[in-house]
Amino acid sequence: MVAVLSGSLPVVLSIFLGQWFPGLFGFEQEDLRRMFPFVKKYFYHTMKESGYMHIQSTKPDTAGCGLNSSPVGLAAYILEKFSTWTDPDFRDYEDGGLEKKYTLDDLLTNVMIYWLTGSIVSSMRLYKENLANGLGTAKHDKLPVKVPTGIASFPNELIHCPLLWAKQKFLDIVSFNYMPRGGHFAAFEEPELLAKDIQQFVRKVEQK
């Protein structure tokens, strides 16, 4: 997403004009529903959900050492993401709505992968290594992706990326589909939906 948004005039224009001239940018009604009003859908929501990113991109070792010392703290840190990134409405549930999409055994398995291997710090450092020098400054951010690409756009993903934006980075988009449900953890939440979308993408690539 950083690479898509960095320095592209069509993207900037679509942010300011897309709500009033959707056809100019190839926006569908679903794009409008997910993106606008832009400030509320992007900046307000991002402010509420991006605290982890600021910590992990600046102080991953400090926060990570604390999580490595407390299984309860680690579980709270991870499971909070499984709540709000699955469905933002889950914030209003006392239990975070965790069992509406997952079993407690599945969630515990995910937490235990980090706990038993002591790998939460190294997983958090990914953000520092990629963002420490600023957004969009890594060499790979400036390289176009030319291989056939399939995009499954889930409605509860943190940030919606319309086709116009995706085209700024991915030059051979074979498949772009609006998924009916699901969020950030799509493979975990809706494995059948995602598997079917991958299968149809592969068929299209094979037919090229």
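These figures come from a predicted structure and were not determined experimentally.
Residue pairs meeting the salt bridge (Lys or Arg N to Asp or Glu O under 4.0 Å) criterion with at least one partner in residues 25-47, sequence neighbours excluded, are E30-R33, E30-R34. Residue pairs that meet the salt bridge (Lys or Arg N to Asp or Glu O under 4.0 Å) test with at least one member in residues 72-99, sequence neighbours left out, are E49-R91. Each salt bridge (Lys or Arg N to Asp or Glu O under 4.0 Å) pair with one or both residues in residues 191-208, not counting sequence neighbours, appears once here: D172-K208, E192-K196.
Atom CZ of F43 has 12 or fewer heavy atoms from other residues, nucleotides or ligands within 6.0 Å. Under a cut-off of 6.0 angstrom, the local environment of NZ in K59 is sparse, with at most 12 non-hydrogen atoms contributed by other residues, nucleotides or ligands.
The two residues C161 and A166 come nearest to each other via the heavy atoms SG-N, 3.7 Å. Shown here for A63 and I55, the closest heavy-atom pair between the two residues is CB-CG2, 3.5 Å. Contact detail for S14 and W165: the closest heavy-atom pair is OG-NE1, 2.8 Å. Minimum heavy-atom separation, F16 to W20: O-CZ3, 3.2 Å. Smallest separation of non-hydrogen atoms from S70 and G73: OG-N, 2.9 Å. Minimum interatomic distance between L164 and P10 (heavy atoms only, all atoms of both residues): CD2-O, 3.9 Å.
Using the six-membered ring where Trp is involved, Y102 and F188 have ring planes that are tilted, between 30° and 60° apart.
Counting only heavy atoms from C-beta outward, the side chains of T46 and S50 approach each other to under 4.5 Å. In this structure, P144 and K146 have side chains that are in contact, with non-hydrogen atoms separated by less than 4.5 Å.
Residue N110 holds its CG atom at 15.0 Å from CH2 of W115, rounded to the nearest 0.5 Å. Separation of atoms CG (N130) and CD (Q56) is listed at 12.0 Å; rounding is to 0.5 Å. Separation of atoms CG (L74) and CD1 (I120) is listed at 5.5 Å; rounding is to 0.5 Å. T86 OG1 to L98 CG: the interatomic distance, rounded to the nearest 0.5 Å, is 7.5 Å. For the atom pair OG1 (T109) and CG (L116), the distance works out to 10.0 Å, reported to the nearest 0.5 Å. Note that the CE atom of M35 and the CZ atom of F27 stand 4.0 Å from one another [nearest 0.5 Å].
Taking a 4.5 Å side-chain heavy-atom cut-off between Ile, Leu, Val, Met, Phe, Trp and Tyr, the cluster of Y44 contains only that residue. F154 belongs to a hydrophobic cluster whose other members, connected by ILVMFWY side-chain contacts under 4.5 Å either directly or through intermediates, are V174, M179, L193, L194, I198, F201, V202, V205. By the 4.5 Å side-chain criterion applied to Ile, Leu, Val, Met, Phe, Trp and Tyr, L171 is assigned to no cluster and stands alone.
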Worked verdict on E189 versus R181 for side chain to side chain contact (heavy atoms under 4.5 Å, CB included): CA-CA 9 Å; E189 299 170 53; R181 59 188 180 275; over 6 Å; no
Residues L158, H45; criterion side chain to side chain contact (heavy atoms under 4.5 Å, CB included); working and verdict: CA-CA 8 Å; L158 296 175; H45 180 64; 4.3 Å; yes
Residue pair H184, F82: steps toward the side chain to side chain contact (heavy atoms under 4.5 Å, CB included) verdict: CA-CA 9 Å; H184 185 72; F82 275 106; over 6 Å; no
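A salt bridge links R125 with D61: at least one charged nitrogen is closer than 4.0 Å to a carboxylate oxygen.
Residues forming a ring pair (Phe, Tyr, Trp, His ring centres under 6.0 Å) with Y178 (at least two apart in sequence, or on another chain): F176. Legend: residues meeting ring pair (Phe, Tyr, Trp, His ring centres under 6.0 Å) with F90, ordered by chain and number and at least two apart, are Y93. Take Y127 and apply the side chain to side chain donor-acceptor pair (under 3.5 Å) test, not counting sequence neighbours, and it matches no residue. Shown here are the salt bridge (charged side-chain N to carboxylate O under 4.0 Å, His left out) partners of D106, two or more places apart in sequence or in another chain: there are none. Remark: Y114 engages no residue in a side chain to side chain donor-acceptor pair (under 3.5 Å) (not counting sequence neighbours). A search for side chain to side chain donor-acceptor pair (under 3.5 Å) contacts involving S119 returns T117, not counting sequence neighbours.
Proximity of the aromatic rings of Y52 and Y77 is defined here by a centroid distance below 6.0 angstrom, and this criterion is not met.
Linking ILVMFWY side-chain heavy atoms closer than 4.5 Å, directly or via other members, places I15 and M47 in two distinct hydrophobic clusters. Residues V147 and F170 are members of one and the same hydrophobic cluster, defined by side-chain heavy-atom contacts under 4.5 angstrom among Ile, Leu, Val, Met, Phe, Trp and Tyr. Residue F21 is grouped with residue L9 when hydrophobic side chains (ILVMFWY) are merged at heavy-atom distances under 4.5 angstrom, including chains of intermediate members. Clustering ILVMFWY residues whenever any of their side-chain heavy atoms sit less than 4.5 angstrom apart, transitively, puts I113 in a cluster other than the one holding V72.
Judged by distance alone, with hydrogens and angles left aside, the side-chain atoms of S69 form a donor-acceptor pair with the main-chain N or O of C65 at under 3.5 Å. With K101 contributing its side chain and E190 its backbone, the two residues share no donor-acceptor pair below 3.5 Å.
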